[in-house]
There are 2 protein chains.
Amino acid sequence: MGVTAVPFPLPRGACSIAASLELVGERWSLLVIREVAWGSHRFSDIARGTGAPRDRLTARLNSLVAAGVLEKRAYSDAPPRSGYHLTAAGRDLLPVLQALLQWGDKWVADEPPVLLKHAPAGHAEHPVDAEWICRTCGEPAIGSRVTRELTPAGRVLSGLPADEEHDHEH
Amino acid sequence: MGVTAVPFPLPRGACSIAASLELVGERWSLLVIREVAWGSHRFSDIARGTGAPRDRLTARLNSLVAAGVLEKRAYSDAPPRSGYHLTAAGRDLLPVLQALLQWGDKWVADEPPVLLKHAPAGHAEHPVDAEWICRTCGEPAIGSRVTRELTPAGRVLSGLPADEEHDHEH
DNA sequence: CCTCCTGAGTTTGACGATCGAACTGACCAT
DNA sequence: ATGGTCAGTTCGATCGTCAAACTCAGGAGG
């Protein structure tokens with residue numbers, strides 16, 4: 001909830017991955033979010049940081065604002081200027097960015113260009129090496145430990161009969 | 001390492017997020033990986049599951065194989081047929097998919113269409129609700145707890161002077 | 001007052017990517 | 001022979017993306 005616009009139509013076999021990609025899966029979108037998350041808030045800084053063409057950047061910024069991921073905040077009246085900031089939904093995309101960063105560090109970069117450092121209270125500063133842990137049980141939650149199940153809502157979206165009982169109509 | 005092809009050119013301000021997106025950031029790529037990860041291995045199943053046009057699917061499958069994320073494995077000689085399977089690099093993308101799934105469940109779906117279930121040894125089955133935890137210190141590793149630092153490799157890619165000492169030239 | 005500069009876009013025209021639908025070609029079952 | 005499945009290819013039309021040029025405001029310098 002809280003997120004609205006729908007750039008491209010929802011692919012068959014609907015799932016939340018597809019839904020997320022509709023909002024942030026277009027070219028430049030995630031790089032724009034990275035720039036804003038890392039402290040660039042003005043149009044020109046984001047343009048420089050991502051390398052996106054200015055007209056594409058305008059389009060992406062607008063669609064991300066429409067999607068509820070970014071918000072526009074004025075920082076000057078005289079020449080009317082505003083910067084872009086993450087909403088709560090935008091901040092919740094940080095795990096996606098970190099997953100991509102860790103994957104790129106491991107599989108594509110010869111040497112990571114950016115290091116993430118972690119300094120929680122009571123611990124010395126050290127590089128981040130994170131894994132996906134289930135809040136409920138504290139165990140790693142990835143791969144074969146995880147199974148999938150279609151909900152009633154999912155069955156409807158997939159065009160299947162709504163309940164799991166076999167239906168008697170031919 | 002292990003990953004090779006480069007579909008679209010590297011944006012300025014290189015980081016591993018951009019590098020990852022070059023390999024798996026094109027339209028359909030992540031949905032294709034979802035389909036394969038969730039058990040569709042044949043062309044037609046992937047086409048049905050993602051909704052991608054067949055020519056696009058051919059292109060994406062080829063680029064993902066070239067990227068080292070998928071591999072083609074023959075399952076029939078007589079009519080020469082092969083299916084697509086995740087490589088180790090491909091399996092390492094599961095956290096990206098799960099991060100997108102969780103974000104979509106929280107921010108775009110009214111009701112999640114697919115539920116992830118977790119059943120580790122010694123725990124009852126329950127829905128997955130995962131977060132990034134640092135392997136080194138066991139603390140959550142996201143947002144303000146994490147800081148960034150440009151490595152020497154990163155400075156070179158960003159076109160900055162290679163060492164962090166101030167240079168004395170002019 | 002006139003000119004240059006910056007910041008945030010918008011417009012333009014060329015070009016490449018993407019679309020759905022139709023087609024191919026190999027194999028199998030009847 | 002006919003129909004069906006599978007893994008693509010080919011097609012013409014549309015859509016997205018690109019770099020560069022342009023707009024429109026408000027300073028700053030002269």
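Letters go in sequence order (proteins before strands), and every chain restarts at 1. Nothing here was measured: the structure is a model prediction, and the numbers come from that model.
- In this structure, B:R73 places its CZ atom 15 Å from P of D:dA7, rounding to the nearest Å.
- Straight-line distance from the CZ atom of B:R48 to the C1' atom of D:dG8: 15 Å, rounded to whole Å.
- Taking CD of B:E22 as the reference point, atom OG of B:S63 lies at 12.5 Å (rounded to 0.5 Å).
- Listed pair B:K72 / D:dA7 fails the phosphate criterion, with no side-chain N or O lying under 4.0 Å from OP1 or OP2.
- Distance A:N62 CG to C:dA8 C1': 12 Å, rounded to the nearest Å.
- Listed by chain and number, the residues in a ring pair (Phe, Tyr, Trp, His ring centres under 6.0 Å) with A:H123 amount to none (sequence neighbours excluded).
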Given side chain to side chain contact (heavy atoms under 4.5 Å, CB included), test B:L94 with B:L97 step by step and report yes or no. CA-CA 5 Å; B:L94 286 174; B:L97 294 181; 4.2 Å; yes
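- Side-chain N/O atoms of A:Y84 include none lying less than 4.0 angstrom from OP1 or OP2 on C:dA8.
- We find that B:R60 and B:E26 are joined by a salt bridge, their nearest charged nitrogen and carboxylate oxygen being less than 4.0 Å apart.
- Phosphate contact (OP1/OP2 of D:dC18, side-chain N/O of A:W28, threshold under 4.0 Å): present.
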Could you list the donor-acceptor pairs under 3.5 angstrom formed between side-chain atoms of residues 76-88 of chain B and any protein atom two or more places apart in sequence or on another chain?
from	atom 1	to	atom 2	distance (Å)
B:S76	OG	B:P79	O	2.7
B:T87	OG1	B:G68	O	2.6
B:T87	OG1	B:V69	O	3.1
B:T87	OG1	B:A89	N	3.3
B:T87	OG1	B:G90	N	3.2

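- A:S44 comes within contact range of the sugar-phosphate backbone alone, with a heavy-atom separation under 4.0 Å but no base atom that close.
- In this entry the distance linking CG of B:D45 with P of D:dA7 reads 8 Å, nearest Å.
- At D:dT5, none of the side-chain N or O atoms of B:R42 fall inside 4.0 Å of OP1 or OP2 (strictly under the cut-off).
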What N/O pairs connect the protein and nucleotides 24-30 of chain C at under 3.5 Å? Give each pair on its own line.
from	atom 1	to	atom 2	distance (Å)
C:dC27	OP1	B:A78	O	3.3

Using the 3.5 Å cut-off, write out each protein N or O paired with an N or O of nucleotides 20-23 of chain C and the distance between them.
from	atom 1	to	atom 2	distance (Å)
C:dG20	O6	B:D55	OD2	3.4

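- Rounded to an integer number of Å, the gap from CD of B:E26 to C1' of C:dG16 is 13 Å.
- With sequence neighbours excluded, no residue forms a side-chain hydrogen bond (donor to acceptor under 3.5 Å, both in side chains) with B:R91.
- Of the options A:L115, A:L101, A:V128, A:V114, a side-chain contact (heavy atoms from CB on, under 4.5 Å) to B:R148 is made by A:V114 and by none of the others.
- Taking atom CZ of residue A:R56 and atom C1' of nucleotide C:dT11, one finds them 12 Å apart after rounding to whole Å.
- At whole-Å resolution of the value, CD1 in A:I46 and C1' in C:dG7 are 13 Å apart.
- By the salt bridge (charged side-chain N to carboxylate O under 4.0 Å, His left out) test, B:E71 pairs with B:R73, sequence neighbours left out.
- A:T136 and B:D129 are not linked by any side-chain donor-acceptor pair at a separation below 3.5 angstrom, with hydrogens and angles left out of the test.
- With rounding to whole Å, B:R27 atom CZ is found 9 Å from C:dT18 atom P.
- Taking only side-chain nitrogens and oxygens, B:Y75 comes nearer than 4.0 Å to OP1 or OP2 of D:dA7.
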